[in-house]
2 protein chains.
Amino acid sequence: MASSVEDIRVAVDLIVLTLRDDALNVLLVQRDDEPHRGAWALPGGFIEYEEDLEDAAYRVLSDEASLGSGAVHLEQVRTFGTPHRDPRARVVSVAFMALGADLPDPERGDDVADARWWSVEDLTGIELAFDHATVLGCAVERARAKLEYTTLAVTFLPEEFTISQLRGVYESVWGATLDAGNFHRKATRTEGFLAELDKHAAPTGGRPARLYSAGAGSALVPPLLRSGQ
Amino acid sequence: MASSVEDIRVAVDLIVLTLRDDALNVLLVQRDDEPHRGAWALPGGFIEYEEDLEDAAYRVLSDEASLGSGAVHLEQVRTFGTPHRDPRARVVSVAFMALGADLPDPERGDDVADARWWSVEDLTGIELAFDHATVLGCAVERARAKLEYTTLAVTFLPEEFTISQLRGVYESVWGATLDAGNFHRKATRTEGFLAELDKHAAPTGGRPARLYSAGAGSALVPPLLRSGQ
DNA sequence: GAAATAGTGTCTCTAAGACAGTATATA
DNA sequence: TATATACTGTCTTAGAGACACTATTTC
């Protein structure tokens with residue numbers, strides 16, 4: 001039987017990123033079915049006929065990752081649709097990146113043998129199902145790049161945070177060390193990045209740090225570039 | 001009859017951009033069928049079962065826009081898939097942006113009443129078919145942003161070009177005026193942007209300009225920011 | 001010669017990086 | 001007191017913007 005356009009399926013794949021122990025982590029599920037049974041994969045699922053792409057992404061987040069929509073920033077990354085990327089059928093998959101703070105350990109969802117957080121760094125060498133290594137790499141690079149010229153870093157932090165925590169986001173995601181003093185000046189003097197609160201964090205063996213929340217802006221002008229490090 | 005996932009179709013839409021008379025132009029086709037008969041739309045088409053997304057984009061470029069693949073830079077922008085964006089069926093459309101130099105006037109393709117270049121600026125106020133105004137806006141903003149931190153501007157120019165022509169690309173796409181002297185210094189001293197040729201352009205009433213070709217780099221470090229204008 | 005376009009020099013100002021110094025907590 | 005963390009000040013340097021100046025062509 002010749003396959004035709006009616007056999008093309010549309011899916012969403014999710015790259016759920018959070019910080020755990022100062023390392024960028026991604027949520028993967030272990031496949032319970034062929035193909036790639038037992039391999040780790042990005043959570044994903046087919047879209048329904050009357051469902052927006054974003055809604056499908058939130059549904060997968062809830063079903064496969066047991067994460068509510070409240071605490072995450074969701075953003076489309078790219079669409080992957082090369083024939084035979086899924087051996088069963090032609091699947092065109094829209095990749096979404098979801099960023100959140102302190103995301104919980106996932107419960108095991110449907111059609112999934114296991115689900116857990118992986119440090120992105122530890123994943124080099126581990127083979128993922130389908131083309132998910134490419135998809136993951138694409139999303140991680142997007143996140144790294146967007147820290148430079150947007151306020152995206154705050155989505156990895158709780159509502160209230162310190163400058164040190166914010167610097168920790170940059171250091172963890174970029175895998176670089178930043179000068180604490182210079183970062184402090186840059187973060188506090190870039191308009192729209194932060195909103196200063198009249199509160200301080202509980203001290204951790206030193207001077208208590210002032211708390212901030214996310215500012216009104218979304219662009220960082222001028223940007224906070226990696227290159228100069 | 002209830003619609004199901006078998007009725008979802010995947011398409012590509014093309015935002016073909018070039019410069020004509022120092023203005024950013026986009027190629028639009030006039031629809032010959034309902035819905036939106038007579039309205040102007042982005043060229044697009046459904047993907048085939050064994051066809052990569054990029055290949056489908058090149059096919060549409062050739063069929064509907066009568067443009068070969070040689071002279072364009074093709075890049076995925078975003079995927080649009082909100083239900084009812086096409087009233088006939090559920091269509092998930094992957095938007096591709098195609099940039100080229102001196103693209104010719106299109107011949108009229110199949111299923112199309114007319115096809116022509118529009119100045120992007122002149123299009124404000126004109127209603128496009130489907131959600132194509134949003135798609136176009138998304139692509140134009142992407143192109144504008146990528147001029148800042150990539151060498152994408154050279155894709156709007158022929159193989160050999162002058163610094164003035166390159167500055168003209170920035171000025172046309174951004175709709176801004178740049179200082180000629182400062183731009184010259186920035187362009188020639190940013191590593192990887194340009195390759196100096198041992199040739200000069202024919203003079204146009206002044207000192208003949210040196211010719212350059214695209215350099216080996218794709219990133220502009222440090223970037224050439226709009227914000228400071 | 002004037003006019004037009006190309007390209008360079010120079011001054012100022014912003015902001016990044018290096019790093020020393022100060023502030024405020026705990027032990 | 002020492003130590004740890006948070007923050008601020010200062011110096012140097014890179015690079016952007018403003019703009020004057022020189023270079024090379026056509027008319």
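Sequence lines set the chain letters: A, B, ... in the order given, protein chains first and strands last, and positions in each chain run from 1.
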Of A:Thr190 and B:Thr204, the one whose nearest nucleotide on DNA chain C sits closer to the 5' end is B:Thr204
Ionic contact status for B:Asp105 with B:Arg20, cut-off 4.0 Å | yes
Specify the separation, in whole Å, of atom NE2 of A:His184 and atom P of C:dT24.
-> 13 Å
Where the side chain of B:Lys186 is concerned, which of D:dA6, D:dA16, D:dC19 is the nearest nucleotide?
-> D:dA16
Does the distance from a Lys or Arg side-chain N to an Asp or Glu carboxylate O, for A:Arg59 and A:Glu64, drop under 4.0 Å?
-> no
Grab the CZ-P distance between B:Arg189 and D:dG17 for me, whole Å please.
-> 15 Å
What nucleic acid atoms does A:Arg185 come within less than 4.0 Å of, heavy atoms only: base, sugar-phosphate, or nothing?
-> base
For the pair made of CD in A:Gln165 and P in D:dC7, what is the distance, rounded to whole Å?
-> 11 Å
So what does B:Ser164 touch, heavy atoms closer than 4.0 Å: a base, only the sugar-phosphate, or nothing?
-> sugar-phosphate
A:Arg226 CZ to C:dA16 P: how many Å, rounded?
-> 16 Å
Pairwise 5' ranking along DNA chain D for B:Pro203 and B:Pro223, keeping only the more 5' one | B:Pro223
Return the orientation label for the A:Trp174 and A:Tyr170 ring planes: parallel under 30°, perpendicular over 60°, tilted otherwise.
-> perpendicular
Atom CZ of B:Phe183 to atom C1' of D:dA16: distance rounded to whole Å?
-> 14 Å
Lys/Arg N to Asp/Glu carboxylate O, A:Glu107 vs A:Arg116, below 4.0 Å | no
Rounded to the Å, how far apart are B:Asp179 CG and D:dG15 P?
-> 18 Å
Testing D:dC7, D:dA16, C:dA25 for proximity to the side chain of B:Pro222, the answer is D:dA16
Which nucleotide in the list C:dT8, D:dA16, D:dC7 gets nearest to the side chain of A:Arg207?
-> D:dC7
To the nearest Å, give me how far apart CZ (B:Arg210) and C1' (C:dT8) are.
-> 14 Å
Assign A:Thr162 to base, sugar-phosphate, or nothing according to its heavy-atom contacts below 4.0 angstrom with the strands shown.
-> nothing
Within the modelled atom types, does a donor on one side and an acceptor on the other bring the side chain of A:Asn182 and the base of C:dA18 under 3.5 Å apart?
-> yes
From NE2 of B:His200 across to C1' of C:dA6 the rounded distance in Å is 10 Å
Residue B:Pro208, side-chain heavy atoms: nucleotide from C:dA6, C:dT24, D:dT24 that is nearest = D:dT24
Atom OG in A:Ser213, atom CG in A:Leu197: separation rounded to 0.5 Å?
-> 4.5 Å
